[in-house]
Every structure is written in C-alpha cells, then in structure tokens.
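Worth saying up front: this structure is predicted, and the values here are computed from it rather than measured. Side chains are part of it too, since the values below use all heavy atoms of this structure and drop only hydrogens, waters and symmetry mates. In what follows, chains are A, B, ... by sequence order, proteins preceding strands, each numbered from 1.
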Amino acid sequence: MEGATQRFYLKKLNKLEGVYKIARQCTIENNSILLNGEKCFTVEGVSFSEFAKAAYKHFEMDYPKFFKMDNLSKLAFLVSEIILKDIVKSEEELDIALVFANRSSSLDTDVKYQASIADKTSYFPSPAVFVYTLPNICIGEISIRYQLKTENAFFVFDTFPAEFFKNYTESLLTTGKTEKVLCGWTEYFQETYKAVVYLVGEKGTIEHNKQNINTLYNN
Amino acid sequence: MKKSVYITYTNCVTPLGFDLESNWIALQNGHSGIESHADVGLLDSFFASIIPNDKIDEAFAAVAQDENFTKLEKMLILAMKPLVEKHPVTSKSVFVFSTTKGNISLLGKENVSVEAAQLSVLAWKISRYFGFATEPIVVSNACVSGVLALAVAKRMLQADIYDSAFVVAGDEVSEFVLSGFNSFQAMSEEPCKPYDAKRNGVTLGEAAAAAYLTVNESEVQPNHFKILGDGAVNDANHISGPSRTGEGLVRSIQSALKEAQRKAETIDYISAHGTATVYNDEMEAIAFNRLSLQQVPVNSLKGYYGHTLGASGLLETVLGMESARRNQLIVSKGYAASGVTQPINVITANENRKIDCFLKTASGFGGCNTAVLFEKVK
C-alpha cells in the first residue's frame with residue numbers, strides 16, 4: 001500500500017511517466033488470433049462458433065464449460081485464456097483485476113432471448129440463455145476460470161475507450177486495489193466481433209499510454 | 001493527498017414519488033410500490049413495483065415539451081433534472097450512467113431497429129439532453145451497477161480527470177426481465193420478504209436515481225456525504241448463484257474499509273442488497289458475520305421498491321443517505337422472523353439512531369459484488 005501511495009504522489013509530480021507497462025496483448029478478429037502482434041491462429045470461411053471451437057482445440061484448452069457459453073463469453077474467454085495461460089502455473093492466488101468494455105453489451109444474446117418470448121404460441125424462455133443477457137457475465141466466466149477474486153467492472157462505450165481504459169486501469173493500480181489489470185474490448189454482435197485485450201502491470205515492454213493502447217486496437 | 005469526493009445532492013423517481021421528500025415520507029408510512037399486476041407475456045399475475053405510465057407522462061409534460069422519449073428516458077431525465085438545475089454541467093463534468101437492460105423493451109416493438117436498444121444510444125440521448133461535453137461512461141455490471149457507478153465516478157474524480165460527476169441509474173420492468181426471472185423460478189409469489197424465514201424470491205421493480213459528486217470543497221456543507229472507500233470484488237464461484245462463503249462481498253467490504261482506514265465497528269448502518277432469494281440473503285448474512293458486522297442495523301429496501309436492478313444500488317444509497325441525514329433507521333419491510341442461519345440485526349422499527357458512517361453493499365449475477373462506505377459531513 002505504501003508503495004502504491006508513493007507512486008501516486010510521484011505520478012502527481014509527473015516524475016514517473018510510464019510507470020506502468022503492457023506485458024502481453026491478444027487480438028481476435030476476422031477468424032484470426034494475434035498474440036503480441038504475431039498471427040498465431042486462423043481459420044478461413046467459418047462462422048464464429050466454428051472458429052471458436054477450432055481455437056479451443058488448437059490451444060488445447062481443457063474447460064468443458066466453454067461450450068455452454070454464449071458467443072460474447074466465448075470471445076472473452078478465448079482472448080483471456082491466450083494471454084493468461086502461460087502466466088498461471090502456480091497455486092498462488094492471482095491479483096489481476098478485470099476491466100472490460102464493448103459497444104453492444106449482451107445485445108446478441110438479448111435478441112436471441114427476445115425471440116424466445118416473442119411468439120406466445122411457442123414461448124420458451126430459457127434460464128441458460130437469460131443469464132447471458134448481462135455483459136458482465138463474460139468477466140464472471142474469466143474470474144471463475146482463473147479464480148480471480150479481484151476487482152472487476154464492465155462498461156459500455158460507443159467506440160474503443162483508450163483514454164478511459166488508461167485512466168481507470170491506472171486508478172486501480174495506483175490506489176493499490178490490484179497488482180495487474182487485464183483490460184480490453186470484447187465486442188460481439190451477430191457474427192461481427194473484435195476482441196483486443198492486454199495485461200497491464202509494472203513489468204512489460206510497451207509503455208501504458210493512450211497512444212499505445214489505441215495502436216493495439218487499430219493494428 | 002488524494003482528493004476527497006463528496007455527494008452533495010441526490011434525487012429519485014419511483015412508484016412512491018418523483019422526488020426524495022415524497023419517497024422518504026412514503027417509507028416512514030410503510031408504503032410499498034409493490035402491487036399485483038396481470039397479463040404481461042404469459043404471466044397471468046405477478047407482483048411488481050411499477051410506475052403508472054400516465055403519471056410519468058404527466059410529470060414529464062410539466063418539464064419538457066418533447067414527446068420523443070421512452071418511459072425509461074423520462075424517468076432518467078426527471079431524476080436528473082433537479083441536479084443539473086442546481087449544479088450546471090461544465091466542460092469537466094462527466095455523466096456516469098448505470099443500467100442493466102436500458103431500453104430493452106424496444107426489441108419487442110415493430111418498426112424499431114435493434115440498434116435503438118443499444119445502451120450507448122440511450123446514454124448519448126440523455127447526455128445530449130443535458131449538454132455534456134464529455135463522453136458518457138455506461139456501467140453495466142448486473143445488479144451492482146448502481147453502486148459500482150458511484151465507485152467508478154469517485155475513482156475518476158480522484159484521478160483528476162473530471163471536477164464533477166452526475167451519476168444516474170435506471171431500469172424498468174419489462175416482459176424481457178419478468179420472463180427471465182420467472183424462467184429461473186426466482187420470482188416471489190408474494191411481495192418479497194428479504195431475510196425472512198418465508199422468503200421465496202425476488203419482486204421486480206422500476207426506478208431511476210441520481211447523485212451529484214464533486215471534489216470542490218466549497219460546495220460541501222454539513223449533512224453532505226464523503227465517499228470514504230469502495231471495493232468491487234468478484235466471487236469467482238458461479239455465474240448465476242452467489243458464493244456460499246460470501247467471499248467476494250467480504251473482500252469488497254474489506255477493500256472499502258482499508259481505503260477508508262476505518263475499522264468495521266465504525267459502521268453505524270448497512271444498506272444491504274437483500275433480494276429475498278434464499279441464497280443471496282444467506283450469503284450476505286454469512287459475509288456480515290465473517291466481518292463481525294452482525295450487530296449493525298441492516299435493511300433491504302426491496303420490500304418497498306422491489307429489485308430495481310441497475311437502479312437499486314444508487315436508489316438505496318440515496319435513501320441510505322437520507323436515513324443518515326435524519327438519524328433515523330428505515331424498517332426492512334417484509335421481514336418478520338429470521339430466515340438466515342447467521343444472526344443479523346434486521347431493522348424492525350423506524351427508530352432514531354445516530355448514523356455518521358454507513359455501508360452500502362450489492363451483489364449480482366456474474367459473481368459481482370460492490371461495497372461503498374459513506375461518511376456524513378459534520
């Protein structure tokens with residue numbers, strides 16, 4: 001806590017620019033996965049759910065709950081799994097906060113759920129679908145997977161909020177609420193999707209600033 | 001030093017009244033917004049706390065000419081308007097909006113695009129109405145959203161990004177949400193009974209609430225509130241059920257206390273979540289006992305308003321502050337005999353009590369929890 005307080009003051013004095021770094025980052029879009037900027041997996045011409053299943057197999061993920069998830073949670077799970085799986089090896093509890101956002105909230109599943117109650121003659125509201133009509137369920141899934149009993153929040157913005165991500169992440173880090181932040185954008189609506197997620201902490205290769213965060217999204 | 005963040009002005013729009021004063025009087029008189037309703041979707045009859053459409057239309061027509069707003073938008077604007085009239089929006093003001101489902105009922109309407117149901121579309125509409133220059137921040141984190149929005153606003157103010165924040169929270173009762181909770185078999189057949197032995201589920205409700213946050217000490221007077229600390233920690237246990245041990249809630253409260261540099265015994269009152277589901281209320285009782293908070297007077301306001309989802313955390317904070325301002329506890333409506341395995345001090349009389357420091361908690365789907373600690377300005 002003392003270290004965090006001290007960093008807070010130093011940052012106020014602008015003497016410690018770039019104290020936080022981006023350690024790893026992963027992007028998933030157009031049926032491709034890029035880890036730290038390098039393309040590491042791609043499948044052409046299939047739907048998102050087929051692509052997600054292929055990625056799950058390729059990276060040898062062993063987590064059957066994956067198949068019960070909606071597409072937003074699958075996307076968030078895949079991108080987080082690829083970033084975190086090499087880091088998580090010990091029994092040690094991880095202090096990694098989750099700060100996620102997107103544009104369409106859970107609207108993809110909302111539309112599916114709405115269809116299930118639209119027709120009074122074939123009315124089949126399902127609790128298993130309804131539970132995914134909240135966008136923060138996807139960070140709940142990641143928390144369970146890695147036992148992250150940590151700070152978490154889900155936000156909705158029109159466009160990728162590089163500045164907000166930077167400010168909120170640094171607020172959590174400087175106040176000692178967390179050691180690291182897994183931060184990112186997980187947008188999914190009717191086969192149009194993009195996930196850009198990155199890990200922020202004291203160690204890493206890329207300086208944690210607005211320009212670099214935007215570069216992760218735009219590249 | 002980190003800047004202190006204060007809440008100096010609040011408001012709410014509920015079935016019990018369209019301002020704070022009328023809501024306070026209704027609570028004192030033991031009134032509830034929960035009534036029997038019929039014929040929504042395939043639900044023949046159910047209990048819910050709903051604002052009559054004609055009442056909201058009438059109140060809205062008195063302040064604005066434009067009719068091009070949904071019911072939820074009217075509720076949000078009516079909740080927020082007095083704040084904006086007292087504290088003008090500046091270039092350094094931020095609009096923080098909490099909701100779970102926003103205008104979800106537009107999905108069921110003909111000739112309305114799916115895009116209209118986007119939360120950011122709603123946020124921008126309210127933001128433009130009040131003339132904000134900054135981008136709205138939408139918090140959509142299930143049932144903790146309303147109180148998490150306060151924590152988010154406070155964190156952004158302390159990070160020196162803005163000077164003031166208008167936090168507004170709202171959700172409406174829709175067929176979408178009613179049928180969903182019903183499919184979970186989580187709906188109570190009677191008005192909900194938080195912490196009671198006979199509780200058997202939630203009653204849904206609708207409301208909007210608003211709070212003005214500032215770092216400008218010159219705006220702060222006695223009986224305003226300082227946000228001492230906050231925490232929002234996940235259970236990492238289950239997406240649709242609370243942790244059996246209350247782990248995330250315990251850690252959220254500990255995080256708030258640590259930041260506030262206070263001990264648990266400084267808490268005079270807890271405005272808890274109390275949804276009246278068997279597991280949620282039990283989990284809260286366990287968490288409060290783990291932190292030795294079992295003697296602190298505690299209530300849930302769900303017996304008056306139902307579960308107003310993304311609005312509930314802020315609505316209950318606004319009324320908790322009113323309770324502290326008046327040094328008067330509010331009865332936890334619907335409670336008769338304890339139905340949790342651990343002892344907790346559920347409020348059963350509207351008695352006078354010194355309340356200087358109070359805790360607001362909430363928990364929700366996705367394993368989320370939030371706790372915020374408030375102190376009355378002397």
Which answer fits [X], side chain, backbone, both or neither, if we ask what part of it has an atom under 4.5 Å from a heavy atom of chain B?
X: Lys120(A); answer: both
X: Ala153(A); answer: both
X: Phe189(A); answer: side chain
X: Leu98(A); answer: neither

Is the closest side-chain heavy-atom distance between [X] and [Y] below 4.5 Å?
X: Ile239(B); Y: Ile144(A); value: yes
X: Glu135(B); Y: Glu163(A); value: no
X: Phe130(A); Y: Ser240(B); value: no
X: Val114(B); Y: Gln190(A); value: no

Please give me the minimum heavy-atom distance between [X] and [Y], naming the atom from each residue.
X: Gly108(B); Y: Gln114(A); answer: CA-NE2, 3.5 Å
X: Ser183(B); Y: Ser126(A); answer: OG-C, 3.9 Å
X: Glu151(A); Y: Ala232(B); answer: OE2-N, 2.8 Å

Relative to chain A, which segment of [X] carries a heavy atom at a distance below 4.5 Å: side chain, backbone, both, or neither?
X: Asn237(B); value: backbone
X: Val144(B); value: neither
X: Asp230(B); value: both
X: Leu42(B); value: both
X: Phe97(B); value: neither
X: Arg251(B); value: side chain

Output the distance between atom [atom1] ([X]) and atom [atom2] ([Y]), rounded to the nearest 0.5 Å.
X: Asn234(B); Y: Glu141(A); atom1: CG; atom2: CD; value: 10.5 Å
X: Leu107(A); Y: Leu119(B); atom1: CG; atom2: CG; value: 8.0 Å
X: Ser171(A); Y: Ile161(B); atom1: OG; atom2: CD1; value: 8.5 Å
X: Lys149(A); Y: Ser252(B); atom1: NZ; atom2: OG; value: 12.5 Å
X: Ser174(B); Y: Ile117(A); atom1: OG; atom2: CD1; value: 7.5 Å
X: Thr174(A); Y: Gln158(B); atom1: OG1; atom2: CD; value: 9.0 Å

Heavy-atom donor-acceptor pair, [X] side chain to [Y] backbone, under 3.5 Å:
X: Asn136(A); Y: Phe365(B); result: yes
X: Lys101(B); Y: Asp110(A); result: no
X: Asn141(B); Y: Phe154(A); result: yes
X: Gln147(A); Y: Ala236(B); result: yes
X: Asp158(A); Y: Ser120(B); result: no

Crowding at [atom1], [X] (>12 non-hydrogen neighbours, <6.0 Å):
X: Gln261(B); atom1: CD; result: no
X: Lys53(A); atom1: NZ; result: no
X: Lys226(B); atom1: NZ; result: no
X: Lys180(A); atom1: NZ; result: no
X: Tyr123(A); atom1: OH; result: yes

Tell me, out of [options], who's got the most heavy-atom pairs with chain B below 4.5 Å.
options: Val129(A), Thr133(A), Val111(A); answer: Thr133(A)
options: Ala97(A), Pro135(A), Ser104(A), Pro125(A); answer: Ser104(A)
options: Ile137(A), Ile142(A), Thr178(A), Ile139(A); answer: Ile137(A)
options: Pro127(A), Gly140(A), Ser143(A); answer: Pro127(A)

Check your understanding: Between Thr175(A) and Lys2(B), is a side-chain contact (heavy atoms from CB on, under 4.5 Å) present by the stated rule, with each step listed?
Key -> CA-CA 9 Å; Thr175(A) 56; Lys2(B) 258 196 297 178; 4.0 Å; yes
Point to revise | Closest-packed option against chain A by number of heavy-atom pairs under 4.5 Å, given Asp235(B), Val121(B), Ile137(B), Ile104(B) | key: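 Top count of heavy-atom pairs under 4.5 Å with chain A: Ile137(B).
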**Study point:** Pick from Ser243(B), Gly248(B), Ser179(B), Gly366(B) with the largest number of heavy-atom pairs that fall under 4.5 Å of chain A
**Key:**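 Sorted descending by pairs with chain A, the first entry is Ser179(B).
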Practice item. Please test Phe155(A) against Val139(B) for side-chain contact (heavy atoms from CB on, under 4.5 Å), starting from the C-alpha separation and ending with a verdict. Key: CA-CA 5 Å; Phe155(A) 299 94; Val139(B) 179; 3.8 Å; yes
Check your understanding: Below 4.0 angstrom, N of the basic side chain to O of the carboxylate: do Glu115(B) and Arg103(A) qualify?
Key ->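 Looking at Glu115(B) and Arg103(A), the cut-off is met.
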